[in-house]
Amino acid sequence: MDTIFFILSKAVQFCIEPLNWIIVFVCLGLLFLGLRKPHLCKHFLVFALLDLLIVGWLPASELLLRPLEDAVPKTYIEKLSPDDFGGIIILGGAIEGGNIATERGEISIYSSAERVTKAFELIRKYPDLPFIFSGFSGRITPKGVSEAEAFKQLIKEQGLADRPGYYENQSRNTYENVLFMKPMIAEIGQGKAGKPWLLITSASHMYRSTLIFHQQGIEVLAVPVDYQTARSPQWTAFDLVDGAQNWNKLTHEYIGLFAYWVTGKI
């Protein structure tokens with residue numbers, strides 16, 4: 001059932017992302033052009049152009065993305081003592097394992113690289129705190145090394161292999177992240193029972209993540225990274241690449257929130 005849920009969520013996200021609809025509108029325009037119905041062809045080409053403008057005009061996505069990024073207050077950990085934490089949790093989603101790591105011999109990091117850099121920062125800052133990296137692959141047909149294995153390699157390259165690290169190597173989505181980490185957290189945190197764990201993930205992903213952790217009875221302190229929006233919109237900004245990334249994050253999170261709410265996961 002979880003596999004069906006995972007595949008269905010990917011399919012729904014693909015279907016509703018605005019950038020993907022451009023292909024649909026252009027294909028329909030060409031179809032009606034072939035059927036010698038130029039008025040319908042023009043309509044769908046106009047729809048494609050409007051879609052392109054909406055995707056590229058950054059305020060359109062930023063106005064929807066900012067509430068997600070601000071939904072969970074940021075924890076200012078410098079004001080707290082290391083004894084206040086149970087450990088550090090790093091959620092996958094920023095690392096490319098797969099065939100690239102296997103065939104090239106190097107680990108690639110996505111645009112959410114701050115998840116990794118912030119993890120290195122905190123692991124160095126709190127050398128005695130245990131950390132858990134959670135993630136197998138977000139792909140329907142994963143290949144090569146997992147995200148957890150790739151992060152373990154990065155830890156070695158950074159000279160941090162002596163730190164108390166643990167790796168969850170099965171999860172494909174956020175719910176599975178939490179579900180598979182829960183027994184690990186209980187076992188590792190026996191000496192610090194009841195203390196919250198620092199949670200590192202993208203700001204837009206933090207709201208859904210904390211809801212799932214709380215549903216499973218795990219207290220976390222938010223350490224959001226990878227912000228995509230500023231405090232005020234850039235009303236004249238137009239960038240198709242950044243816009244497409246923002247809409248991808250938007251659809252991914254809102255679909256995830258709705259699906260997890262319907263299935264009782266949050």
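This structure is a prediction, so every number in the text was calculated from the model and none was measured.
Atoms CG and NZ, on L257 and K265 in that order, are 13.0 Å from each other to the nearest 0.5 Å. The distance from atom CG of L122 to atom CD1 of I88, rounded to the nearest 0.5 Å, is 5.0 Å. One distance of note links CG of L199 with CD1 of I90; it measures 9.5 Å at 0.5 Å rounding. In this structure, NZ on K74 lies 10.0 Å from CE on M206, to the nearest 0.5 angstrom. Once rounded to the nearest 0.5 Å, the distance linking OG of S232 with CD of E62 reads 9.0 Å. In this structure, CZ in F258 is found 10.5 Å from CD1 in I266, a value given to the nearest 0.5 Å.
Looking at heavy atoms from C-beta onward, R124 lies in side-chain contact with Q158 at the 4.5 angstrom threshold. Taking 4.5 Å as the limit, every side-chain heavy atom of Y227 sits out of range of all side-chain heavy atoms of E114. A heavy-atom distance below 4.5 Å is found between the side chains of W247 and L64. Residues Q153 and E149 are not in side-chain contact: their nearest non-hydrogen atoms beyond the backbone lie 4.5 Å or more apart. Side-chain contact between I132 and W197: present, with at least one pair of heavy atoms (C-beta onward) separated by less than 4.5 Å. Within the 4.5 Å cutoff, the side chain of I123 has heavy atoms near those of the I155 side chain. Counting heavy atoms from C-beta outward, F238 and L53 have side chains that approach closer than 4.5 Å. When side chains are defined from C-beta on, I77 does not count as touching L221, because their heavy atoms never get closer than 4.5 Å.
When atom types are taken as modelled, the side chain of R115 and the backbone of V225 share no donor-acceptor pair closer than 3.5 angstrom.
Relative orientation of the F151 and F120 rings is parallel, given thresholds of 30° and 60° on the angle between their planes. Using the six-membered ring where Trp is involved, F25 and W21 have ring planes that are tilted, between 30° and 60° apart. Relative ring orientation between H43 and H39 is described as perpendicular, the plane-to-plane angle rising above 60° on a 0-90° scale split at 30° and 60°.
The side-chain tip of R208 points at the ring of Y260 from less than 6.0 angstrom away and within 45° of straight on.
Annotation for D84 and K195: closest pair O-CB, 3.9 Å, computed over non-hydrogen atoms. The nearest pair of heavy atoms linking P59 to Q234 is CG-O, 3.2 Å. Minimum interatomic distance between E168 and S134 (heavy atoms only, all atoms of both residues): OE1-OG, 2.5 Å. The two residues T210 and Y207 have their closest heavy-atom pair at OG1-O, 3.0 Å. Contact detail for I54 and A60: the closest heavy-atom pair is O-CB, 3.6 Å. For the residue pair L52 and L240, the shortest heavy atom distance occurs at O-CD2, 3.6 Å.
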**OP:** Go through L91 and M181 one step at a time and tell me if the side-chain contact (heavy atoms from CB on, under 4.5 Å) criterion holds.
**Re:** CA-CA 10 Å; L91 296 187; M181 270 194 294; 3.8 Å; yes
Subject >> I212 and N177: CA distance, side-chain angles, deciding distance, side-chain contact (heavy atoms from CB on, under 4.5 Å) verdict >> reply: CA-CA 10 Å; I212 300 169; N177 285 147; over 6 Å; no
Original post:
Between H214 and V220, is a side-chain contact (heavy atoms from CB on, under 4.5 Å) present by the stated rule, with each step listed?
Top reply: CA-CA 8 Å; H214 292 160; V220 292; 4.2 Å; yes
**OP:** Check step by step if side-chain contact (heavy atoms from CB on, under 4.5 Å) holds for R66 and L63.
**Re:** CA-CA 6 Å; R66 186 179 299 105; L63 290 173; 3.8 Å; yes
**OP:** Test E69 against T229 for side-chain hydrogen bond (donor to acceptor under 3.5 Å, both in side chains), laying out the working first.
**Re:** CA-CA 8 Å; E69 295 190 332; T229 67; 2.6 Å; yes
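Put simply, V241 and V55 are part of two different groups of oily side chains (I, L, V, M, F, W, Y) that touch within less than 4.5 Å, one to the next. When hydrophobic clusters are built by joining Ile, Leu, Val, Met, Phe, Trp and Tyr residues whose side-chain heavy atoms come closer than 4.5 Å, directly or via intermediates, L58 is not grouped with I22. The cluster map of Ile, Leu, Val, Met, Phe, Trp and Tyr, joined by side-chain heavy atoms under 4.5 Å apart, puts V262 and Y254 in the same cluster. Note on L45: it does not cluster hydrophobically with F47, by side-chain heavy-atom contacts below 4.5 Å among ILVMFWY residues. Grouping the Ile, Leu, Val, Met, Phe, Trp and Tyr side chains by contacts below 4.5 angstrom, directly or via other members, places L28 apart from L19.
Within 6.0 Å of the NZ atom in K42, the count of heavy atoms belonging to other residues, nucleotides or ligands does not exceed 12.
A salt bridge is defined here as a Lys NZ or Arg NE, NH1 or NH2 lying under 4.0 Å from an Asp or Glu carboxylate O, and K118 with E121 meets this definition.
When each of V24, I23, L30 is paired with C27, the side chain to side chain contact (heavy atoms under 4.5 Å, CB included) condition holds for I23 and for no other.
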